[in-house]
Visitor: 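First the structure, which I've put down as structure tokens, then a few questions once you've had a look.
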There are 2 protein chains.
Amino acid sequence: MEPFVSSFQNKIDKKGRVSVPAAFRTILDRDVQADGVHQVFCYPAIEAPAVECGGVPLLSKIYQLLEDLPPYSEERDVLSTALFGGSLQLKIDSDGRIIIPDEMREHANLTDYVTFVGMGDKFRIWSPELFASYMAEAREKAIEHRKLFGMKYDRK
Amino acid sequence: MEPFVSSFQNKIDKKGRVSVPAAFRTILDRDVQADGVHQVFCYPAIEAPAVECGGVPLLSKIYQLLEDLPPYSEERDVLSTALFGGSLQLKIDSDGRIIIPDEMREHANLTDYVTFVGMGDKFRIWSPELFASYMAEAREKAIEHRKLFGMKYDRK
DNA sequence: TTGACTTCCATAAAATCCCATGATATTCCA
DNA sequence: TGGAATATCATGGGATTTTATGGAAGTCAA
């Protein structure tokens with residue numbers, strides 16, 4: 001499965017439209033509906049002020065994850081509420097753009113520009129400022145990790 | 001697995017294109033996508049002002065590392081942001097050239113010429129000047145190490 | 001009609017394709 | 001073995017396509 005990689009900064013126009021980066025679109029396009037409707041699955045990220053997005057594979061992955069949790073457990077309830085409760089299917093228009101609803105824009109503090117960030121099986125939409133600081137921290141943590149068990153991918 | 005070896009100096013033309021050395025290309029080509037798209041996976045080298053590159057195996061190694069972490073853990077999100085968000089998948093055009101985006105060019109100080117340096121399972125793209133000084137330093141360190149090794153045997 | 005939301009078209013910049021060239025390396029055969 | 005014929009490679013530049021983005025016209029509901 002081809003991953004979402006790299007990050008891109010795009011603009012929200014006055015009608016509220018943003019282009020989904022072409023690279024991400026081609027990944028999402030692989031599971032286009034029979035009716036030819038292009039869509040993204042989105043929900044507010046749990047521990048970050050960003051919108052989390054993915055295609056059908058992500059959706060089934062989440063299903064799977066929830067299935068594996070004991071039914072009626074608190075964890076399952078909380079997760080399924082958080083992930084599915086606030087989730088939306090956004091339509092990608094013929095020019096590759098989406099409109100991010102207000103609730104999500106507020107959650108992620110999105111105003112005029114947004115940054116799309118690839119995370120492998122999903123991607124996030126950030127306000128560029130918030131992303132910059134998150135990324136700075138993420139880099140540091142990644143370096144620490146590398147020291148701990150970076151050998152896994154450093155070796156050979 | 002055939003390793004990336006030796007180094008090559010190529011030019012960045014005014015459109016920003018650089019030829020990936022043919023020797024490296026043939027290694028990368030072994031895992032071409034089904035759709036025939038040739039790509040390189042790149043990210044800023046952590047401990048050096050250079051761009052680090054590899055093929056699909058390098059990418060899957062990272063993917064694997066992340067798969068092993070619990071989904072929806074903060075740890076995993078942070079790492080995948082740093083690793084995937086900070087990486088690039090550069091397309092290799094029909095003439096074997098890539099375009100290195102500005103962020104990377106800045107990180108590695110790339111201007112008109114670049115040096116491709118094989119490192120086994122991956123390779124790096126350096127500014128020729130920075131690479132020369134890095135190389136000189138590496139040599140010195142190697143000599144020192146050698147002296148240390150030597151003492152082991154000399155003493156006795 | 002107004003306002004929200006589409007679908008459709010326009011455009012500029014950037015990416016990509018395609019072909020040409022000179023330089024090197026490789027092959028082939030008398 | 002020499003040396004011409006052939007391939008490969010890095011590089012340049014024009015032509016074409018994609019992409020992001022702007023705006024106009026069309027649709028629908030209140």
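All values below were derived from every heavy atom in this structure, side-chain atoms included, with hydrogens, water molecules and symmetry-related copies excluded. In what follows, every chain begins at residue 1, and chains take the letters A, B, ... in the order their sequences are listed.
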Visitor: Would B:F116 and B:F4 count as a close aromatic pair, with their ring centres under 6.0 Å?
Guide: no
Visitor: Do any N or O atoms from the side chain of A:D95 and from the backbone of A:R97 form a donor-acceptor pair under 3.5 angstrom?
Guide: no
Visitor: Give the rounded distance in Å between these two atoms: CG of A:D102 and C1' of C:dA4.
Guide: 12 Å
Visitor: With a 4.0 Å cut-off, would you call B:D121 and B:K61 a salt bridge?
Guide: yes
Visitor: Relative to the ring of A:Y43, is the ring of B:Y72 parallel (under 30°), tilted (30 to 60°) or perpendicular (over 60°)?
Guide: tilted
Visitor: When you check the phosphate oxygens OP1 and OP2 of C:dA14, does a side-chain N or O of B:R17 lie under 4.0 Å from one of them?
Guide: no
Visitor: Centroid separation under 6.0 Å, is that true for the rings of A:Y63 and A:F84?
Guide: yes
Visitor: C:dG22 C1' sits how many Å from B:K11 NZ, rounded?
Guide: 14 Å
Visitor: Ignoring the backbone of B:N10, work out which of D:dT19, D:dG12, D:dA10 is nearest its side chain.
Guide: D:dA10
Visitor: Compare the minimum distances between each of D:dT11, D:dA10, D:dT21 and the side chain of A:R97, then state the nucleotide with the smallest one.
Guide: D:dT21
Visitor: Just the rounded figure in Å: distance from P of C:dA14 to NZ of B:K91.
Guide: 17 Å
Visitor: Between atom CD1 in B:I99 and atom C1' in D:dT11, what is the gap in whole Å?
Guide: 14 Å
Visitor: Expressed as a whole number of angstroms, how long is the span from A:D93:CG to D:dA20:C1'?
Guide: 12 Å
Visitor: To the nearest Å, how far apart are B:F8 CZ and D:dA10 C1'?
Guide: 12 Å
Visitor: Heavy-atom nearest nucleotide on DNA chain D for A:T26 versus B:K15: which residue maps closer to 5'?
Guide: B:K15
Visitor: Contact class for A:K14 (heavy atom, under 4.0 Å): base, sugar-phosphate, or nothing?
Guide: sugar-phosphate
Visitor: Can you tell me the distance, in whole Å, between the CD1 atom of A:I92 and the C1' atom of D:dA20?
Guide: 15 Å
Visitor: Of all the nucleotides listed (D:dT19, C:dC17, D:dA10), which has the minimum atom distance to the side chain of A:A22?
Guide: D:dT19
Visitor: If I take atom CG in residue B:D95 and atom P in nucleotide C:dC18, what distance separates them, rounded to the nearest angstrom?
Guide: 9 Å
